[in-house]
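Keep in mind that the numbers below use all heavy atoms, side chains included, and drop hydrogens, waters and symmetry copies. Below, chains carry the letters A, B, ... as their sequence lines are ordered, and counting in each starts from 1.
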Protein chains: 2
Amino acid sequence: MSPTPRKLEIITAASTLFKEKGYSAVTMRDIAKAMGIKAASLYNHIKNKEEILTFIIISLAEEFIKGIAVIKESNSTTVEKLKQIIALHVDIASNNTNGMASLNNDWMHLKDQLDHYLYLRVDYEDSFREIIKEGIEKNEIKNLNPDIMLFSVLSTLRSLYIWIPLKEDMEPSVLASNLSEVLLKGINR
Amino acid sequence: MSPTPRKLEIITAASTLFKEKGYSAVTMRDIAKAMGIKAASLYNHIKNKEEILTFIIISLAEEFIKGIAVIKESNSTTVEKLKQIIALHVDIASNNTNGMASLNNDWMHLKDQLDHYLYLRVDYEDSFREIIKEGIEKNEIKNLNPDIMLFSVLSTLRSLYIWIPLKEDMEPSVLASNLSEVLLKGINR
DNA sequence: AACGTAAACTAACAAGCGTTAGTTAAATTT
DNA sequence: AAATTTAACTAACGCTTGTTAGTTTACGTT
């Protein structure tokens, strides 16, 4: 089940290229060239191109699902939960900026696992929305349209992979706390 | 300079497909099929595939540049300027959800106009950052890291094209004001 | 020393790609 | 009525695509 080291190298090389040009524009020959081998050699380690994309996306999606499940079931306050979600995104995105690009932009090229991915995504968004709604009911956060709050925060978190490489000097923990400040309290004085 | 009606139909059809699968995964035969003609017929109206993408991206980018220039030079308060920027994004995204997908995800496939696009993008972000910094200096908004504020707000605004089609019932003006509330004042109570 | 395996290679495939050339039919202008 | 223009068509091109088959090379185990 768990990939061999060489397979992981292929996935890593592919992730970098997928981020630069998107899945469809990257050829097996591109991936091979980045590793200094020929395209046919890749098939000693992987089944096909789709398997690479599937691994990148599904393993990341499951990380998020596991993360939010723990947060949701904890007995923290809503604000604490939201901060934990922000930290979760900063953590995962920091450790895999390349893969996050595929998760965001190339999921529609999944075949076998497309339905599974869509299920995970809906599940994640539902959990997130639940936490927001609970916070409104308990009067812990503002009573605004939950979908708009979800959309606003999640859009920022999903774009982290673009900005993190531009701010390499910033510690993930610092980024997470600064982001919490902005997302939770706004920028208005 | 301005495209013929038929050329615009091609661009519109292409935009829809580009949003669904990304520029690289859409073939000229796909675009032609969506219009009920043959791929070769497209070339009576356009120079090549790249021209379609270039038109979609550059015309949108220039809309944003023009919009923010007006806002920046106005003598509104910082908070008013920020609300105007939010309204600008909601307006443009509402009228071209498909094209916004290419602007966000397919700009790297530009050739001739790639440099021009990158220039416009930097210019836009600089103007936006300027407005934020000015607001901090004038004590109109919080004194937080300007890059993080910029990143946070702009990520949400750039993702609007994904969410607007899911919320067709919501008026653009209502969306803009709700979004202003969330982005400016945060979700914490 | 012989064997087995892992991982590279060369060569090739069928399918699909963007694009061009030349043709045809209908609509518009002279 | 004749000439021109517009916008579709068929056919084909050279190239690239993902992938397969068969071969070679290097290395650890017997």
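- Taking a 6.0 Å sphere around NZ of K142(A), one finds it holds more than 12 heavy atoms contributed by other residues, nucleotides or ligands.
- When I148(B), L154(B), T156(B) are each tested for a side chain to side chain contact (heavy atoms under 4.5 Å, CB included) with T156(A), only one passes: T156(B).
- Nucleotide dC17(C) holds its P atom 17 Å from the CG atom of N48(B), rounded to whole Å.
- A salt bridge links R6(B) and E9(B); the closest N-O separation between the charged side-chain nitrogens and carboxylate oxygens is under 4.0 Å.
- Residue-to-nucleotide contacts include a donor-acceptor pair under 3.5 Å from the side chain of N44(A) to the base of dA8(C).
- For R6(A) and dA8(C), the CZ to C1' distance is 9 Å, given to the nearest whole Å.
- No donor-acceptor pair under 3.5 Å is formed between the side chain of D123(A) and the backbone N or O of Y119(A).
- Once you apply a 4.0 Å limit to the heavy atoms of chain B, the touched nucleotides of DNA chain D run 5' to 3' over dA7(D) to dA12(D).
- With rounding to whole Å, I52(B) atom CD1 is found 11 Å from dG18(C) atom C1'.
- In the model, H109(A) has a side-chain atom that pairs as donor or acceptor with a side-chain atom of S24(A) under 3.5 Å.
- Atom CD1 in I46(A) sits about 12 Å away from atom P in dA8(C), given to the nearest Å.
- Aromatic ring pairs are classed by plane angle as parallel below 30°, tilted from 30° to 60° and perpendicular above 60°; the pair Y124(B) and F64(B) is perpendicular.
- When distances run from any side-chain atom of Y43(B) to the nucleotides dA8(C), dT20(C), dC9(C), the shortest one goes to dT20(C).
- Side chains of L82(A) and V153(A) form no contact here, defined as non-hydrogen atoms less than 4.5 Å apart.
- Listed by residue number, the members of residues 14-39 of chain B with any heavy atom below 4.0 angstrom from DNA chain D are R29(B), I37(B), K38(B).
- The aromatic rings of W163(A) and F151(B) lie tilted to each other, with the angle between the two planes from 30° to 60°.
- Going from atom CG of L42(B) over to atom C1' of dT19(C) covers 11 Å, rounded to whole Å.
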